[in-house]
Each structure stands twice: as C-alpha cells, then as structure tokens.
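Worksheet: the structure to be examined is printed underneath.
Excluded from the calculations below are hydrogen atoms, water molecules and symmetry mates; all remaining heavy atoms, backbone and side chain alike, are included. Chain letters run A, B, ... following the sequence lines, proteins first and then strands; every chain starts at 1.
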Amino acid sequence: MSRLKIATFNINGIRARLPALLAWLARESPDIACLQELKAAQSEFPIDEIRAAGYGAIWHGQKSWNGVAILAKGAEPLEVRRALPGFEADSHSRYLEAAVHGVLVACLYLPNGNPQPGPKFDYKLVWFEHFIKHAASLFETGHPVVLAGDYNVVPTDEDIYNPRSWLKDALLQPESRDAYQRLLAQGWTDALRAQYPDERIYTFWDYFRQHWQKNSGLRIDHLLLSKALSPTLMDAGVDRWVRGEPHASDHAPTWIMLEQGVAEKATRKKAPAKQATPKKVTSKKATPSKP
DNA sequence: ATGTCGTCCCCCGGACGA
C-alpha cells in the first residue's frame, strides 16, 4: 500500500507566485498538485523551475487570465483532455484532465460568475452544466477519479465565516449551490467535508478588509472523490501557512491523503471513522502544521 | 460602495477581473 497526497491550489499568477509555489512544493511535497489561475500564456509557464523541483507537469495557459496545470512528483501526467466534452469552444483555459500515479485527475477552475446577475453568471452556470455532465460519465466508469479545483462555490453557510455580506455574490447563489449539490448527488465525496463534518474549514481569504488577519474565510476549493477512492481517504487539510506568507495568493493549498490499496478491502463504509472524533481534535488537524 | 491584488497596455497609472 502506498500513500498519495493530492492538492489543489489557486496560485493567482504563477509568475508572481513562483517562489511561493516552490517553497510549498518543497515543504509539503504533494504527489499531485492541481493549479488554477496561472495568469500566464502557454509559453510563459515556468516549466524549468518546476522540473528542477522534481515535478513533471502539463498545463493549459492563457494570456492574462485563467490557466490550469497538473504537476506530479517524479512523473509525467498523461493528458486526457484540456476542454470539457461538448464545450471545446470555451475560450477560457479552465479545465485539464490527466492520468497519473494511478488516478484520473480533473483540474478545474470554475468561473467566478460575478457580477450577478449578468452574462458572467450565465457563463458560470453553463460551464457548470457541462462539467456536471462530464463528471457523470467519469463517475460511471468506476475508475479512481479526483475532481480537484477552485469551484467558486460556497456549498453551505457552514463554509463561510458569515454569509451576510456575500448574499448577492455569485459564490453563494442558490443556482451555484444547487449545481454543486447535483454534482455531489452523482455519488462524489466532498473529501474535506467528509473528513471534518462539523468544522469550519476555509481555503480562501480575500485581500479586502483584513479578512486573513480576522480569519474571515470561505471554503471554495474542493476535492471530490469517486466511489473507488472514497474509502481510501485517510486525511485532509489546508496548508494555511502558505496564505500567511508575504505576497501570498488569496487561496491556500487544500489537500487529501489517500491510501492506495485499501479500496478492495473497504467494501463496508467510508474508511476513516472521523465522525466520532471530538471537535477540538479535528479542528487542530484541519489546520495542520507540518514537521 | 468599498476594500486589494496581478496583469495588461505601454509608458507608470488606470482598466479589468477576481
């Protein structure tokens, strides 16, 4: 049996954030890292530095905006697709899918959708529907699949410090939340929520109003596990220290640890018995400080 | 309405997207 650490990280500009990315890779050593918001053209991706850090990578760049990448420690991700089926004409670089380390990884950057209502919100919902349709086909294969990325959806009011000042925001709209619930209803496991059913977990703190300093965060970066993988979930967390560094992204890396090889044995229920764990312990673990 | 970033354009501060 072997352990597999998979992370998702909206880096908000890979060129501005390259030192932060390399420091994080060196310290946390994820086996697979899904990145969003590269904000770099295809030719501007810093592949040499990433290779030097011990990672293979594929990426889908775009000038100025969007952009996604999949990094793998000591391996080359085998690209499956770089657009959603039926939505190949999407002008934004928001999707990348690869097979690596024995799992199929989808890296997504779902549209923000603000201002709402308006064409940007309409685009968010259209993108979401294409993604939901494709996710269903991935789930039905029965293969080990992870859907990792910035979903730009706060699933419930338990996933935000206080919904009051965000009620009109696209991230909390009923349409956004309904789409996310319909995705989960296909059978996916929201890994962070499964590991910490009763905790406040945030992955994003905007740059405004000292939200980081006040821990006024949102949970919008998600890792969804297919049926074959959900019993293998051993741990999960948010690398909050990355958000506290100078010149940080407004997101923190969010990760899961899977134990490969337990899927065949665990036919009964979800492997970790975290539901029984006291709150104080889980809240500490949700904010891990690594050795 | 505001707050703060990163990026672009292209000459440096303002627009845009988040």
Side-chain angles (χ1 to χ4, degrees), chain A residues 8-24 34-47 49-50 59-69 90-96 107-128 131 148-155 159-173 175-177 179-180 202-222 238-254:
Chain A
T8 181
F9 183 20
N10 179 320
I11 54 174
N12 188 15
I14 195 167
R15 288 168 293 165
R17 217 73 65 198
L18 185 58
L21 174 65
L22 297 175
W24 170 64
C34 296
L35 306 180
Q36 302 87 30
E37 275 208 86
L38 304 179
K39 291 186 173 178
Q42 187 71 11
S43 61
E44 292 176 316
F45 187 83
I47 184 61
E49 291 88 341
I50 286 169
W59 63 97
H60 186 191
Q62 180 183 336
K63 190 177 179 180
S64 306
W65 318 120
N66 312 311
V68 287
D90 188 9
S91 61
H92 294 191
S93 299
R94 297 184 174 275
Y95 189 78
L96 195 53
C107 175
L108 63 135
Y109 176 44
L110 220 138
N112 173 293
N114 282 308
Q116 176 281 323
K120 292 188 178 177
F121 190 63
D122 296 341
Y123 170 65
K124 175 182 194 152
L125 297 181
V126 166
W127 204 98
F128 219 145
F131 180 62
D150 178 358
Y151 284 69
N152 270 313
V153 176
V154 175
D159 299 302
I160 182 169
Y161 65 101
N162 183 350
R164 180 130 52 117
S165 55
W166 295 78
L167 288 176
K168 292 189 203 165
D169 196 283
L171 279 59
L172 279 74
Q173 290 314 297
E175 295 95 328
S176 307
R177 288 179 161 180
Y180 188 74
Y202 306 137
T203 66
F204 165 84
W205 300 257
D206 72 26
Y207 291 124
F208 308 155
R209 293 162 289 194
Q210 299 205 300
H211 276 168
W212 166 248
Q213 288 80 358
K214 296 190 239 177
N215 193 29
S216 297
L218 290 68
R219 190 174 75 95
I220 57 176
D221 299 279
H222 308 301
V238 178
D239 292 329
R240 293 173 58 110
W241 68 267
V242 176
R243 182 62 180 84
E245 294 285 290
H247 309 296
S249 167
D250 39 6
H251 296 249
T254 305

### Query
Would you say a side-chain N or O of A/Lys63 is under 4.0 Å from OP1 or OP2 of B/dT7?
no
### Task
Send over the distance from A/Ile220 CD1 to B/dA18 C1', rounded to a whole Å.
10 Å
### Atom-to-atom span, CG of A/Leu218 to P of B/dG3 - whole angstrom
20 Å
## Note on the structure
Per nearest nucleotide of DNA chain B, the residue lying toward the 5' end, A/Asn112 or A/Tyr207, is A/Tyr207
### Query
Counting only side-chain N and O atoms of A/Arg15, is one of them less than 4.0 Å from OP1 or OP2 of B/dC8?
yes
## Note on the structure
Quick note, A/Phe208 side chain, CB onward, closest among B/dA18, B/dC5, B/dC8 is B/dA18
## Note on the structure
Of the listed B/dT4, B/dC9, B/dT2, the closest approach to the A/Arg209 side chain comes from B/dT2
### Task
Classify the nucleic acid contact of A/Gln210 as base, sugar-phosphate or nothing, counting any heavy atom under 4.0 Å across all strands shown.
nothing
### Task
Look at atom CD of A/Gln210 and say whether more than 12 heavy atoms of other residues, nucleotides or ligands are closer to it than 6.0 Å.
no
### Message
I want to check something: taking the side chain as every heavy atom from C-beta on, are A/Leu21 and A/Ile50 in contact at a cut-off of under 4.5 Å?
### Response
yes
### Message
Taking B/dG6 as the reference, what is the distance to B/dA1 when you measure between their C1' atoms (whole Å, please)?
### Response
23 Å
### Closest-nucleotide 5' rank along DNA chain B - winner of A/Leu38 and A/Asn66
A/Leu38
### Query
CG of A/Leu171 versus P of B/dG17: gap in Å, rounded?
17 Å
### Task
Starting at atom CD1 of A/Ile11, determine the distance to atom P of B/dG17, rounded to an integer number of angstrom.
21 Å
#### Entry: Rounded distance in Å between the C1' positions of B/dA18 and B/dG3
13 Å
### Task
Please state the P separation for the pair B/dT4 and B/dC10 - nearest whole angstrom.
27 Å
